[in-house]
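One structure below.
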Amino acid sequence: MIVGPVAIILAAGHGKRMRSERAKVLHEVCGRPMIHYVVEAARAAGARTIVVVVGCGADQVRAAFEGEPDVRFAVQEQQLGTGDAVRSCRAILGSYAGPVLVLVGDEPLLRPEPLADLLARRDAEDAACLLGTAVVPDPSGFGRILRDSAGRFLRIVEERDCSPEERAIREINPSCYVFVTPILWTALDQITTTNVQGEYYLTDAPERLHAMGYKVVATPALAPDDVLGVNTRRHLAQANALMQARIQDQLMSDGVSIVDPRNTYIDGRATIGPDTVVFPFSVITGTVRIGARCRVGPFAHLRDGTILDDDAQVGAFVEVNRSHFEAGATARHLAYLGDAQVGAGANIGATAVTANFDGRVKSRTIIGAGALIGSGAVLVAPVEIGDGATVGANAVVTKGTVVPSGATIAGIPARKLKD
Ligand code: UD1
Ligand code: MG
């Protein structure tokens with residue numbers, strides 16, 4: 001049993017214009033495959049079942065949604081066009097007869113609110129097809145919306161098939177449609193490949209329905225910033241910039257200071273507490289949790305799995321990977337902390353590093369509360385430094401060492417100094 005509303009997301013194309021070995025929808029925007037954003041927008045707009053159409057790179061695309069039971073897959077064996085891609089969902093949707101939101105997987109900036117509006121509006125108007133459109137400053141690359149003299153929808157023309165006059169139209173097709181399912185199948189049965197690309201165009205379906213006397217409505221529901229379709233690496237860079245601005249905007253609303261937004265990179269999965277200041281050229285990637293009143297950067301790199309508790313400080317040229325800084329812990333200059341637990345108030349000196357990888361396995365470093373790690377120290381994991389202990393400058397603390405609380409160790413290899 002398929003639970004509606006359903007969203008179909010087209011993701012079977014290779015994306016030739018990307019010139020990549022990877023399926024286009026898996027290229028990352030702010031650290032995540034772009035299709036994730038589309039699936040999340042569809043879900044937040046109310047879709048209860050999401051059918052992703054896979055083809056090129058199908059296994060990798062499937063793998064990107066492991067553990068998400070509302071996401072199902074339809075396979076499009078040959079990439080014969082967007083109309084054919086939708087048709088490949090017919091078997092999986094069976095006798096489902098409710099509304100279906102059709103989106104493309106290469107528009108990561110879609111927001112849920114206008115999609116929810118489209119679903120609601122389709123119901124209210126009882127249309128066979130409701131098209132969301134956008135009026136954009138630069139329509140190049142998109143299909144154009146043609147209307148009659150009374151402003152009623154006529155058809156979509158692909159850019160390649162446009163006359164010079166049609167090319168000048170700035171109302172575009174972002175590929176956000178709501179159809180009534182059985183009627184959609186009827187339309188898809190009628191489309192042909194008589195176009196410049198010799199493909200089955202989904203864009204012909206609304207026109208077919210209109211010609212058959214069904215109610216088709218086109219409404220400019222989408223904002224220009226929401227509909228950037230990623231077809232090339234240039235578009236990918238634009239999508240990253242727009243998404244990054246959204247992420248930072250939200251953080252700033254939540255009370256985070258970002259000194260130089262354009263020279264800061266923050267993954268959308270990161271959370272940051274109020275009164276934390278992020279200085280320029282800092283890069284926060286993956287799921288990173290930062291508390292309140294922290295100081296990050298300049299030139300800090302915080303990687304996936306890192307947690308900074310309140311008042312922690314990570315400064316210039318410090319890389320922190322899968323590590324937890326407890327409250328007030330500090331590494332202000334030139335350090336690497338990987339797989340480390342850094343106790344409250346501990347201080348990591350300049351150029352100190354954890355050697356967490358021996359070429360085979362990664363091991364943990366535990367640094368107690370209030371410990372002082374001297375400049376240039378190398379902690380060869382696994383090691384454990386007790387609360388309030390001191391590691392001398394340039395010490396090499398060898399594998400397996402456990403430094404008792406309050407002790408001081410120094411030298412190469414590091415040995416405990418007399419009390
Ligand atoms: C399409 C629309 C265009 C619209 C634009 C919005 C058509 C014919 N054109 O053009 O009107 O302005 O999107 O972004 O629909 N795909 C498949 N199977 C295929 C072909 C494509 O699954 O056989 C998928 C792709 O993976 C992609 C999406 O459909 O995610 C759109 O394909 P793409 O080639 O990017 O279409 P556009 O040229 O952008
Ligand atoms: Mg596209």
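Remember, it's 1-based here, ligands and their atoms both numbered in the order they're listed. Given the structure is predicted, the values throughout are model-derived calculations rather than measurements.
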Next item on the list: Nearest heavy atom to atom 23 (O) of ligand 1 wins, so pick from Gly81, Ala23, Gly105, Ala12.
Entry: Gly81
What part of [X] sits under 4.0 Å from ligand 1 if we count only heavy atoms: the side chain, the backbone, both or neither?
{"X": "His14", "value": "neither"}
{"X": "Cys56", "value": "neither"}
{"X": "Glu199", "value": "neither"}
{"X": "Asn231", "value": "side chain"}

Can you pull out the closest protein heavy atom to [atom]? Residue, atom name and distance to 0.1 Å, please.
{"atom": "atom 18 (N) of ligand 1", "result": "Gln76 OE1, 2.7 Å"}
{"atom": "atom 25 (C) of ligand 1", "result": "Gly13 N, 3.7 Å"}
{"atom": "atom 36 (O) of ligand 1", "result": "Arg17 NH2, 4.3 Å"}
{"atom": "atom 11 (O) of ligand 1", "result": "Glu158 OE2, 2.6 Å"}
{"atom": "atom 29 (O) of ligand 1", "result": "Leu10 CB, 3.4 Å"}
{"atom": "atom 4 (C) of ligand 1", "result": "Asn173 O, 3.1 Å"}
{"atom": "atom 15 (O) of ligand 1", "result": "Thr82 OG1, 2.7 Å"}
{"atom": "atom 28 (C) of ligand 1", "result": "Val104 CG1, 3.5 Å"}

Using modelled atom types only, decide if a donor and an acceptor are shared between the side chain of [X] and the backbone of [Y] within a distance under 3.5 Å.
{"X": "Arg122", "Y": "Val180", "answer": "no"}
{"X": "Thr276", "Y": "Gly291", "answer": "yes"}
{"X": "Ser253", "Y": "Asp249", "answer": "yes"}
{"X": "Glu125", "Y": "Val216", "answer": "no"}

Which of the atoms of ligand 1 are close to [X], meaning less than 4.0 Å from one of its heavy atoms?
{"X": "Glu107", "value": "6 (C), 14 (O)"}
{"X": "Thr203", "value": "7 (C), 8 (C), 9 (N), 11 (O), 15 (O)"}
{"X": "Ser175", "value": "1 (C), 2 (C), 4 (C), 5 (C), 6 (C), 13 (O)"}

Does this structure show an ion pair linking [X] with [Y], if we count only N-O contacts that are shorter than 4.0 Å?
{"X": "Arg144", "Y": "Glu171", "answer": "no"}
{"X": "Glu166", "Y": "Arg155", "answer": "yes"}
{"X": "Asp148", "Y": "Arg152", "answer": "yes"}
{"X": "Lys362", "Y": "Asp339", "answer": "no"}

Next item on the list: Assess Gly55 for proximity to ligand 1: is some non-hydrogen atom of it under 4.0 Å away?
Entry: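 It does not, in that no heavy atom of Gly55 comes within the 4.0 Å cut-off of ligand 1.
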Margin query: Tell me whether ligand 1 is touched by Ile172 - counting only heavy atoms on the residue side and a distance under 4.0 Å.
Written below: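 No.
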Notebook entry, point to check: Between His210 and Phe153, how do the two ring planes meet: parallel, tilted or perpendicular, split at 30° and 60°?
Noted result: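 Ring orientation, 0 to 90° scale: perpendicular.
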Notebook entry, point to check: In terms of ring plane angle, is the pair Phe317 and Phe299 parallel, tilted or perpendicular, where the classes change at 30° and 60°?
Noted result: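 The rings of Phe317 and Phe299 lie parallel, inter-plane angle below 30°.
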Notebook entry, point to check: Which atom pair, heavy atoms only, marks the closest approach of Val318 to Val314?
Noted result: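 Of all heavy-atom pairs spanning Val318 and Val314, the closest is CG1-CG1, 3.5 Å.
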Checklist line | Donor on one side chain, acceptor on other, Asp309 and His324, under 3.5 Å | finding: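 His324 and Asp309 do have a side-chain donor-acceptor pair below 3.5 Å.
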Next item on the list: Apply the test side-chain hydrogen bond (donor to acceptor under 3.5 Å, both in side chains) to residues Arg22 and Gln60: give CA-CA distance (whole Å), side-chain angles for both, the deciding distance (0.1 Å), then the verdict.
Entry: CA-CA 9 Å; Arg22 198 157 27 141; Gln60 288 96 310; over 6 Å; no
Just list the side-chain donor-acceptor pairs under 3.5 Å for residues 346-355, sequence neighbours left out, or say none.
from	atom 1	to	atom 2	distance (Å)
Thr351	OG1	Gly376	N	3.2
Thr354	OG1	Tyr336	O	3.2
Thr354	OG1	Gly338	N	2.8

Item checked: the Mg ion (ligand 2) - number of protein N/O/S atoms closer than 2.8 Å ->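 For the Mg ion (ligand 2), the figure is 2.
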Next item on the list: Go through the steps for Glu199 and Asn195 under the test side-chain hydrogen bond (donor to acceptor under 3.5 Å, both in side chains), then give the verdict.
Entry: CA-CA 7 Å; Glu199 291 185 351; Asn195 52 58; over 6 Å; no
